[in-house]
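Everything on this sheet refers to the single structure shown next.
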Amino acid sequence: MTRVKLWHLVLALRVYARHYLQAPLQAASILIGIVLAVMLFVAVQAINLNAKRSYADAAEQLSLPASQFIIPPTGQKYFSNDLYFQLRQAGLSQSLAVLEGRVRSSEGRRYSVQGSDVVAAVTATMNRGREDGKQPIFLFDQQLPLTDMLQGEPIALVSEQQFEQMGRPSQLILDDTKTQIYAVPDQWQLGNRMLVDISFAERLLNRSGQLSYIAVFGSRSAQEKQWKSLVAAQGQWIENTQSSDLDSLTDSFHLNLTAMSMLAFLVGLFIAYNGVKYSLLKRRRLLVQLQQAGLQSTIVFTALLVELTIMVLLGSLLGFIFGMQLSHWLHPTVALTLEQLYGATLLPGSWQWSWLFQALSITLTAALVACWQHFRGSVQQPLSIHSGYYALPEPQKTTQLLVMAIGLTMLAVVGLVLSHHFRVTMLWLGVLVVATPLYLPKGLLLLSAWAEKLFTSGLKHYLVAELKELVAPLSLAMMALLLAMTANLAMNTLVVSFEHTLKQWLEQRLHADIYISPAQSEMSSIQSTLQSMPGVSAIFTQSYLDTTVSNLPTKLGTKNTLTLEQTMVVKEMVDDFWPRFYQMELAAISEPMAVKLGLALGDELEVAELNTALEKPLKVGAIFYDYGSPTGELLIAPELWQRAEFSPVPTSLGIESELDSDDMRRRLMDEFGFSDNQLYDQQQIKTIALEIFSQTFAVTKALNGVTLMVAVIGLFSACFMLIEARKAAIARLYALGVRSRVLLGMVVMQMVVLVCFTLCLALPLGALVGYVLTDMVTLRAFGWSLQFVWSWSDIAMLSLVSIVTASAATALPLWRLVKRPAMSSLQSEVL
């Protein structure tokens, strides 16, 4: 008996396979939905997990795990390399001196450069590789020219990925110095930086005898106390918390990617589910005929489950392959974003079979849960049934969906108002997004009922009345489109709002014509020379040092009076802020700092570096907008900076010039011997800032576009299949004398009306979700409040794409239908 059942199961599967051979579009629709859903899921899984692995392995250059750092004293960027030699003589052998800076190539591209004892670093890396059973791999057949590097020859090491992006050059001209380029494995954590020997770095960066920091490796030693006493006032000995800091800093960025991938996954499942439902509608008679031929209903039902499982397996495998390719394409964008915004180096992409199993299990579970009842209903229908391909939607079900949508929306709105953490906010936003498509079935029914009253006779009445019958087979595709449109409008609103807000902020924040970044040792003499230099009408100074306030990395700084009052873009301040600020009673903090630490006007600030200079703690007197960092910035009065005995030498200078920007640059270069990478004009800084923050949302926009593409494909396949299902009804109209052009226009207009109605729902919902993203999620995640900007051009483009897709998907099969004999289409209704 078991063998007979197995044979019957195989027979049913063969019949299903033959059906799909005759109607490949049905199988393609199901597979496309699954492939696209899994593709987005796997791509973002790969990016996020690789990023987390990178943070866990966050290390010094050449993948050496620095445990501690020795950094310059407060208020300084560099210190003498004499300290490094003293520590080596005192027994601190497991250390690496590092000098950092930026250079410009002959093509005008800027590169970050790190100089260190490359021989010591490479030797340690090779030893570590041999301990792990791995050997270093180079893109060149020959080994690295360590001897030449040790002698200070102009040689730079770059990562494999950076080397490929540069076009695999054998040499570059960096600040007028011809430099040989060699590539090392990405695992050596160079990212987008160049590594050179420290002797060459001193010449290239013009910083002889100076260091940026010293990296200390290995576990704690009994001599550590002696080493710290040597450091004393020459520097600061700190622990390396880079990995944990990066993990928390980039949390919101990766949550954003995950949310987009899950949205695309949901849209893809909508499409697959719609394909399964359509396939069942087309096979209703076939399922009845199989049972009439003697197959048990359980066999027919089991065969449907096996067929769905095979579809999910095949679609998940293809989605996994395409997802890995997509992550490979997106990886450079994510890596550059994280390095520019957070200073995080993203390791090269790798993959795990577990991602395939995760996607497969989630997709299979969702598919079985969604299709179980439809399968049971299809095999339990009376054997004498003889109905059409699609049935009218039940008003009770559409009403239930509407009530559910209203309930979820109200719950989401209350949750959004009461939530404070960005993760919780994103959760409630997800509930709101899921609720949006549930409005559509009832809305489409109301639209068709209203249109039916508007057109009471003739062909228009027939086509309008048919809208009711189209709601059931098209509702899922329209729900997927609504979901994608809402997300697309919301994300476009976020990007446009951010760009608009950033440009306005930069216009006020950057008031100097030219900013100068000379060596710290030359800063005072240059400042005094500039005061008497012709063409210079004003000089602006600012000083910063890195500190921590309540475990939040913070830049503590001050500026001259004119710069403070002109560049502080105030969000809120107390009435008598400026007098009390200069009296050292109040301080100004950035918006990200206020959000992350929960600070408000009047709250006290505990800053360890200022304790000796103050009789009582500072209070928050002003909160200013800051889109330069998601961490914190604290501004104090210039007199308090001096009383705290911080360095009187500013970290950067700005000048207001009476001359043309280019003329002033040439005069400064002639007077002080500056290179291009030491001079920045306003426009240059704005361009760099906009590039960095546009890059931050580049991945989100890419995923957003893919999500819309998923929905458009789903809409196309749904419209295409629906015309196939309606060919008998359309053929009757054609046989009754309706001309092909009129028929084409009327049927296409049906689809356009449905799409336009979906757009009308998507606009307010997209605006609502966009508002939540700009005014809640971004504020709680990054500490940035954005000005809400609505882009009508994006709306027009989105509407055009949707309408053209629906029109094409309807017109193509309809045109083919009216060109074939009407008899064959009429016969399909009874065959």
Side-chain angles (χ1 to χ4, degrees), residues 1-35 269 271-318 360 363-391 472-473 476 717-718 720-729 813 817 820 824-831:
M1 181 64 70
T2 304
R3 183 177 298 177
V4 173
K5 289 185 177 180
L6 183 60
W7 168 248
H8 286 173
L9 179 63
V10 172
L11 183 63
L13 290 172
R14 290 179 62 184
V15 172
Y16 295 166
R18 289 289 180 181
H19 168 77
Y20 284 125
L21 287 176
Q22 296 296 320
L25 184 63
Q26 295 176 33
S29 176
I30 300 172
L31 283 176
I32 286 173
I34 296 172
V35 168
L269 289 185
I271 296 171
Y273 179 59
N274 189 59
V276 171
K277 281 193 66 176
Y278 177 77
S279 176
L280 286 177
L281 287 171
K282 291 288 286 185
R283 289 185 291 173
R284 291 181 70 178
R285 293 188 189 131
L286 176 61
L287 298 178
V288 171
Q289 290 168 353
L290 287 174
Q291 295 178 73
Q292 289 173 340
L295 291 183
Q296 296 180 5
S297 60
T298 54
I299 297 294
V300 177
F301 177 73
T302 305
L304 288 174
L305 295 180
V306 173
E307 171 201 285
L308 180 62
T309 303
I310 293 173
M311 288 279 197
V312 171
L313 285 171
L314 181 58
S316 297
L317 183 59
L318 292 174
L360 178 61
T363 308
L364 185 58
T365 301
L368 291 176
V369 170
C371 299
W372 188 277
Q373 282 301 115
H374 288 292
F375 287 170
R376 289 187 64 86
S378 297
V379 299
Q380 290 177 352
Q381 57 188 330
L383 298 185
S384 59
I385 192 169
H386 186 279
S387 62
Y389 286 122
Y390 39 84
L476 282 172
S717 61
F720 199 94
M721 290 186 299
L722 193 59
I723 293 298
E724 286 292 310
R726 298 169 60 200
K727 60 185 178 183
L817 183 63
R820 64 189 295 184
S824 62
S825 299
L826 292 170
Q827 288 174 340
S828 66
E829 190 172 25
V830 295
L831 290 179

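All values below come from the heavy atoms of this structure, side chains included, with hydrogens, waters and symmetry mates left out.
- Note that CZ of Phe301 is 12.5 Å distant from CG of Leu9, once rounded to the nearest 0.5 Å.
- Nearest heavy-atom pair across Val300 and Gln291 is CG2-CG, 4.0 Å.
- Under the rule for a ring pair (Phe, Tyr, Trp, His ring centres under 6.0 Å), Tyr20 has no partner lying at least two apart in sequence or in another chain.
- Partner of Thr302 under the side chain to side chain contact (heavy atoms under 4.5 Å, CB included) criterion, chosen from Ile299, Leu304, Val306: Val306.
- Applying the side-chain contact (heavy atoms from CB on, under 4.5 Å) test to Arg18 and every residue at least two apart in sequence or in another chain returns Leu21.
- Between the CD1 atom in Ile34 and the CG atom in Leu317 there is a gap of 12.0 Å [rounded to 0.5 Å].
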Distance-only check: which donor-acceptor pairs under 3.5 Å involve side-chain atoms of residues 309-316, not counting sequence neighbours?
residue: Thr309; atom: OG1; partner: Leu305; partner atom: O; Å: 2.8
residue: Ser316; atom: OG; partner: Val312; partner atom: O; Å: 2.7

